[in-house]
Amino acid sequence: MRSYQNFIGGEWASAASGQTFTNFNPADTREAVAQYPQGGRADALAAIAAAQAAFPGWAAQTSVARGRILSKASQLIEARKSELAELLTREEGKTLAEATGEVQRTADIFRFFGGQSYVLGGQTIPHDLPSQLLYTRREPLGVVALITPWNFPIAIPAWKMAPALLCGNAVVIKPASQAPAITCELAKILVEAGLPKGVLNVVIGSGKEVGGELATNPAVVALSFTGSVGVGSQIYQQLAPRMARAQMEMGGKNPTIVLADADLDLAARLVAIAGFGLTGQACTATSRVIVERSVADALTAKLIEKAKAIVVGNGLKAGVTMGPAVSKPQLEGNLNYVQIAQQEGASLLCGGARLTDGDLAHGYFMQPTVLGNVRPTARIACEEVFGPVVGIIPVDSFDEALAVANSVDVGLSASLVTRDLKKAMLYTERIQAGVVKVNQISTGLALQAPFGGVKKSSTDSFKEQGAGAVEFYSKLKTVYLDYSA
Ligand code: NAD
């Protein structure tokens with residue numbers, strides 16, 4: 001079993017309370033993965049103070065100097081790819097192939113922002129008069145807090161941390177308690193890459209206490225959160241009184257619309273990957289399949305075939321294509337939603353049960369699940385499950401499909417499968433989502449493109465990822481300089 005501590009001011013430290021907790025492998029709870037400090041407000045306060053002290057020195061470095069450290073970190077992550085991926089699988093449960101992809105993505109994110117250090121800057125603007133220089137300076141914000149979820153435990157910390165550090169901020173991150181190991185490994189890598197003490201601080205512990213301190217402490221000038229709608233909206237309100245900068249990226253209820261003219265083999269493949277891949281534990285996972293009635297039965301048959309071909313098991317084992325739920329509460333929540341769906345009139349077409357054969361009894365495994373005849377207003381069609389559960393909603397037309405897709409209060413990712421270019425274009429105009437895909441999976445994002453939701457999926461204040469990610473982590477100052485005299 002590994003043992004981690006909080007990382008504050010460049011030192012690894014126990015929680016002030018002295019308390020610890022242990023995480024177990026969700027694929028085999030007989031295996032203890034790591035022990036952690038149960039941090040609280042005192043630890044968050046110490047981390048904020050360390051970040052405040054480190055900020056001026058870090059901000060004074062050039063962006064190119066900061067970028068070199070990010071690029072070096074990218075190389076170090078890549079060199080340790082297989083070891084980090086295995087750790088990720090042991091703690092969070094996704095398959096080794098999925099974890100390897102996530103670690104590679106993290107290396108790519110650091111490389112991307114390392115490169116951005118050469119173009120980070122303001123803009124010169126033509127003035128009305130001669131001999132005037134009018135320009136903007138891009139400056140860091142100060143102490144920035146990051147609160148992250150467990151489902152992408154290295155990629156999400158990375159896509160917040162890299163632009164935050166590039167812009168010259170000092171960072172305090174609170175990773176989710178279900179999977180903090182890999183964030184601690186990332187901190188070690190950044191130290192090895194040359195990050196000065198106190199510039200990055202990691203506090204593990206209670207969301208309410210550590211997260212609560214980060215949300216309410218006046219020294220924290222900006223907070224970027226990814227997680228559930230409930231927690232995100234609470235933190236947003238805690239930031240508002242002091243007008244701290246806020247970026248809240250939250251859950252979705254992502255549709256894949258399948259039109260009658262679609263290639264149904266393609267549609268079934270896209271839904272199976274986006275609905276059951278990552279055990280359905282992706283914010284952009286497909287959970288609603290909105291399909292034109294004339295092809296609903298044919299699509300359903302193909303999807304069930306794909307679901308039945310999925311090999312559920314320990315993600316470290318060769319041949320396994322879907323891992324466990326991250327925790328017992330998550331598994332119970334998934335199974336509970338299957339019950340609720342049936343009580344509300346949906347038919348269970350495939351899966352729906354916990355798997356307990358042999359070694360599976362020691363993990364949080366369930367079958368990939370397909371529900372048919374789902375009503376658009378049923379809870380299973382409106383609430384995020386965050387598990388391998390897909391509901392099929394038959395509709396009579398493209399317009400009805402769009403209306404159903406837009407009828408929920410969230411809007412993160414949305415996919416459409418069709419060969420009709422006109423409908424595809426109309427869909428991109430009318431769908432209420434931050435990420436829109438045509439003939440592609442609803443999951444899967446290009447790290448160089450902006451990402452974020454609309455409606456209750458996001459405060460939609462600043463996009464994450466891509467070159468534009470620096471907008472959240474920096475401020476612009478406008479300078480007027482007169483050299484005419
Ligand atoms: P969560 O909201 O339970 O927790 C997220 C983080 O907030 C954790 O670090 C947690 O400890 C912390 N937290 C909990 N209570 C807090 C409080 N009162 N104050 C401050 N911090 C607190 O979410 P989760 O279960 O870790 O993650 C799953 C959710 O994340 C899903 O809803 C998923 O859709 C969403 N998600 C969204 C995106 C996106 O980019 N939009 C990406 C991944 C996951």
Side-chain angles (χ1 to χ4, degrees), residues 63 66-67 69-71 73-74 76-78 81 84-85 88 92 94 98-117 120 140-141 144-169 171-176 179-180 182-187 189-190 193 195 199-200 202 222-227 232 245-252 278 281-284 412-413 434-435 443-453 457-474:
S63 67
R66 295 191 294 255
I69 295 174
L70 302 185
S71 300
S74 169
L76 296 171
I77 293 163
E78 215 152 355
K81 188 161 75 174
L84 293 172
L88 202 167
E92 193 267 351
K94 65 184 59 170
E98 291 166 340
T100 305
E102 185 176 338
V103 175
Q104 180 61 53
R105 184 189 182 86
T106 303
D108 294 344
I109 288 167
F110 275 93
R111 189 167 57 246
F112 176 81
F113 284 105
Q116 287 295 306
S117 69
L120 186 76
L141 303 177
V144 170
L146 312 176
I147 299 182
T148 52
W150 49 264
N151 67 324
F152 289 106
I154 187 164
I156 295 180
W159 81 49
K160 294 183 191 294
M161 222 185 255
L165 294 174
L166 170 65
C167 291
N169 301 291
V171 170
V172 180
I173 181 167
K174 194 212 92 61
I182 199 127
T183 304
C184 297
E185 294 299 334
L186 198 49
I189 284 170
L190 280 158
L195 196 72
V199 171
L200 173 70
V202 183
L223 191 152
S224 179
F225 166 88
T226 298
R245 199 176 273 204
Q247 180 179 55
M248 309 283 127
E249 294 302 330
M250 297 163 282
L278 299 155
Q281 298 175 146
C283 54
T284 50
L412 190 48
S413 181
V435 175
T443 46
L445 303 163
L447 66 92
Q448 66 274 30
F451 172 57
S457 291
S458 173
T459 43
D460 202 15
S461 39
F462 295 87
K463 292 290 184 193
E464 294 207 277
Q465 306 200 44
V470 298
E471 298 301 334
F472 178 73
Y473 295 103
S474 59

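Only a predicted model underlies this, so the values are computations on that prediction, with no experimental measurement involved.
When each of M248, M250, Q247, K160 is checked for a side chain to side chain contact (heavy atoms under 4.5 Å, CB included) with T226, only K160 meets the rule. Remark: of the listed residues T443, T284, L412, L445, L445 is the sole one forming a side chain to side chain contact (heavy atoms under 4.5 Å, CB included) with V435.
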| T148 and I173: side chain to side chain contact (heavy atoms under 4.5 Å, CB included), yes or no, with the steps? | CA-CA 8 Å; T148 52; I173 181 167; 4.1 Å; yes
| task | Please test F110 against L190 for side chain to side chain contact (heavy atoms under 4.5 Å, CB included), starting from the C-alpha separation and ending with a verdict. | result | CA-CA 10 Å; F110 275 93; L190 280 158; 4.0 Å; yes
| said: Is there a side chain to side chain contact (heavy atoms under 4.5 Å, CB included) between I109 and L70? Walk through the geometry before answering. | reply: CA-CA 9 Å; I109 288 167; L70 302 185; over 6 Å; no
| task | Dump the intermediate steps for side chain to side chain contact (heavy atoms under 4.5 Å, CB included) on K94 and Q281, then the final yes or no. | result | CA-CA 9 Å; K94 65 184 59 170; Q281 298 175 146; over 6 Å; no
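By the 4.5 Å heavy-atom criterion applied to side chains, L165 and M161 are counted as neighbours. You'll find the side chain of V199 stays beyond 4.5 Å of the side chain of V171, heavy atoms only. Counting only heavy atoms from C-beta outward, the side chains of F462 and P450 never approach each other to under 4.5 Å. Residues V172 and L146 are not in side-chain contact: their nearest non-hydrogen atoms beyond the backbone lie 4.5 Å or more apart. The side-chain heavy atoms of W150 and P180, taken from C-beta on, include no pair separated by under 4.5 Å.
The main-chain N or O of S71 is never found under 3.5 Å from a side-chain atom of R111 such that the two would form a donor-acceptor pair. Between the E249 side chain and the G453 main chain, a donor and an acceptor come within less than 3.5 Å of each other. At least one donor-acceptor pair under 3.5 Å links the side chain of N169 to the backbone N or O of A164. In this structure, the side chain of S474 does not engage the main chain of C167 through any donor-acceptor pair within 3.5 Å. Judged by distance alone, the side chain of R105 and the main-chain N or O of A155 form no donor-acceptor pair under 3.5 Å.
Across all non-hydrogen atoms, the minimal contact from L166 to S63 is CD1-O, 4.1 Å. Between A85 and A99 the shortest heavy-atom distance is O-CB, 3.4 Å. Taking every heavy atom of both residues into account, T183 and P175 meet most closely at OG1-CB, 3.7 Å. Here the closest non-hydrogen pair linking F472 and A222 is CZ-CB, 3.9 Å. In plain terms, the two heavy atoms of A179 and P153 that are nearest each other are O-CB, 3.5 Å. Considering every non-hydrogen atom in both I69 and L195, the closest pair reads CG2-N, 3.9 Å.
Interatomic distance, CG of L223 versus NZ of K174, reported as 11.5 Å (0.5 Å rounding). The CD atom of Q104 sits 9.5 Å away from atom CD1 of I77, with the distance rounded to the nearest 0.5 Å. Note: F113 CZ to R66 CZ = 13.5 Å, rounded to the nearest 0.5 Å. Remark: I189 CD1 to S74 OG distance equals 10.0 Å, nearest 0.5 Å. K463 contributes atom NZ, which lies 6.0 Å from atom OG of S458 (distance to the nearest 0.5 angstrom). Expressed to the nearest 0.5 Å, how far OG1 of T106 lies from CD of E185 amounts to 13.0 Å.
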